[in-house]
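Structure, as structure tokens:
Remember, it's a predicted structure, so these values are computed and weren't measured experimentally. Each chain gets a letter, A, B and so on, in the order the sequences are listed, and its residues count up from 1. Every heavy atom of this structure was used, including side-chain atoms; hydrogens, water molecules and symmetry mates were not.
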Protein chains: 2
Amino acid sequence: MDGTDDKDVRLRESAEKLALTLSQSGMQKTTARVMTALLFSQQETMTAGDLCEVLKISSGAVSGAVNQLIPTGMIERVPAPGSRRDHYRFREHAWATLMGNQNTLLAGMWDAAAEGIKVAGKESVAGRRLDEMQDFYGFMQREMAALIDKWREQYDSDRG
Amino acid sequence: MDGTDDKDVRLRESAEKLALTLSQSGMQKTTARVMTALLFSQQETMTAGDLCEVLKISSGAVSGAVNQLIPTGMIERVPAPGSRRDHYRFREHAWATLMGNQNTLLAGMWDAAAEGIKVAGKESVAGRRLDEMQDFYGFMQREMAALIDKWREQYDSDRG
DNA sequence: CGGAGTGTTTATAGATCTCTGAAAGTAAGC
DNA sequence: GCTTACTTTCAGAGATCTATAAACACTCCG
């Protein structure tokens with residue numbers, strides 16, 4: 001059965017496709033490629049060397065990408081007894097974490113609006129626009145946090 | 001009262017600050033600057049010429065940015081009787097529109113997961129990761145749409 | 001019609017960002 | 001404690017993106 005090789009190739013293609021999408025939405029290209037490589041991998045973990053080989057990039061690039069991904073909570077370094085190499089793995093619930101990080105952005109938007117209102121006042125041309133903006137981002141911040149909690153609960157109760 | 005000039009300067013600073021944040025989250029720098037200039041402006045609308053002057057950029061750059069912003073629904077071209085120039089304005093409810101556009105991205109994520117599962121099957125190392133991903137983005141897509149509707153209703157009923 | 005005032009397009013220049021390759025740093029095992 | 005295996009850092013090369021400026025196109029008005 002050579003279906004295995006074929007599957008791996010197709011998984012890699014899917015991974016690259018998603019990486020492209022992500023890089024178009026602001027994520028760095030190599031960072032996105034590393035992330036999707038781990039996501040679509042049939043291995044539980046991958047070493048830096050694996051990533052170099054699969055993605056055809058230098059160890060320096062892998063190091064940079066990994067150190068960008070870890071603080072976001074998307075991947076984690078996993079201890080590998082008996083190996084001197086670092087192993088990396090896509091984190092469970094990473095998506096919820098990622099979405100949760102967006103709250104920082106939402107808060108930033110709220111702050112920006114607040115700052116503008118402080119200068120212009122609510123009863124001005126800019127003030128009215130900023131007031132709607134502040135209202136929206138306040139709302140979103142609250143509701144998004146609730147939404148993520150809801151999913152976590154739901155997912156945990158469905159599958160343990 | 002020279003407070004007016006001072007306020008304008010401070011509003012411009014806030015605008016630039018937000019533009020920087022947005023450009024760090026993937027938006028093109030000039031596009032972001034044009035958007036925030038319109039958002040923080042004390043004028044109801046601005047012409048391309050106004051934007052050139054305020055942002056110190058060429059008319060070509062303004063043209064490009066504007067044509068990137070309009071399809072997203074963040075700004076609109078507004079007819080200006082008695083003037084040959086195009087006037088632009090930040091759109092009402094633009095934020096909700098922007099957030100709504102994110103649904104395309106969410107759908108793309110769901111699709112990517114589905115594609116991977118089709119290749120790998122759910123009962124595989126990659127499949128289990130992708131299954132959680134699919135679940136998450138399916139959930140988010142549904143709930144986000146509902147959330148935006150909820151805000152629209154709430155905002156409209158509060159202020160007409 | 002024709003011209004003036006604007007908006008758009010495009011080739012080029014310039015800036016920015018990111019990868020690479022190599023040297024330096026770190027830690028495990030003998 | 002030294003050697004070896006690996007990772008990180010960093011200067012420089014290369015690629016990518018983006019703004020500019022000038023040519024072109026459109027539109028309104030006389």
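- For the pair B:Ile70 and B:Ile75, the minimum side-chain heavy-atom distance is below 4.5 Å.
- Distances shorter than 4.0 Å separate some side-chain N or O of B:Arg85 from OP1 or OP2 on C:dT6.
- The distance from atom CE of A:Met27 to atom P of C:dC17 is 18 Å, rounded to the nearest whole Å.
- Contact check, A:Gln28 against C:dT18: a side-chain N or O comes under 4.0 Å of OP1 or OP2.
- In this structure, CG of B:Leu69 is placed 17 Å from C1' of C:dG7, rounded to the nearest angstrom.
- The separation between A:Arg77 atom CZ and D:dC6 atom P is 15 Å, rounded to whole Å.
- Where A:Val62 and B:Arg84 meet DNA chain D, the nucleotide closest to each residue was compared, and A:Val62 sits on the side nearer the 5' end.
- Annotation: side chain of A:Met133 is in contact with side chain of B:Leu18 (closest heavy-atom distance under 4.5 Å).
- Both B:Lys29 and A:Gly60 lie near DNA chain D, and the one whose nearest nucleotide falls closer to the 5' end is A:Gly60.
- Within 4.0 Å (heavy atoms only), A:Thr47 reaches no atom of the nucleic acid at all.
- Aromatic pair A:Trp95/A:Phe90: ring centres closer than 6.0 Å.
- Checking C:dT9, D:dT7, C:dG21 against every side-chain atom of B:Ser63, the shortest atom distance belongs to C:dT9.
- Residue B:Ile57 places its side chain closer to D:dT20 than to any other of D:dT20, C:dT8, D:dT8.
- Inter-residue side-chain proximity for B:Asp135 and B:Glu132 is flagged as unmet; no heavy-atom pair is nearer than 4.5 Å.
- Nucleotide C:dG7 holds its C1' atom 13 Å from the NE2 atom of B:His87, rounded to whole Å.
- Rounded to whole Å, the distance from CD on B:Gln68 to C1' on C:dT8 is 15 Å.
- Between B:Arg129 and A:Glu92, no side-chain nitrogen of the basic residue sits less than 4.0 Å from a carboxylate oxygen of the acidic one, so the salt-bridge criterion is not met.
- Of the candidates C:dT20, D:dT20, D:dT7, D:dT7 carries the atom nearest the A:Ala48 side chain, counting heavy atoms from C-beta on.
- Rounded to a whole Å, the CD1 atom of B:Ile70 is 12 Å from the C1' atom of C:dG7.
- OP1 or OP2 of C:dT18 has not a single side-chain nitrogen or oxygen of A:Arg33 nearer than 4.0 Å.
- Residue A:Met46 contributes atom CE, which lies 13 Å from atom P of D:dT7 at whole-angstrom precision.
- Both A:Lys56 and A:Ser83 sit near DNA chain C, but only A:Lys56 has its closest nucleotide nearer the 5' end.
- Note: CG (B:Asn67) to C1' (C:dG7) measures 9 Å, nearest angstrom.
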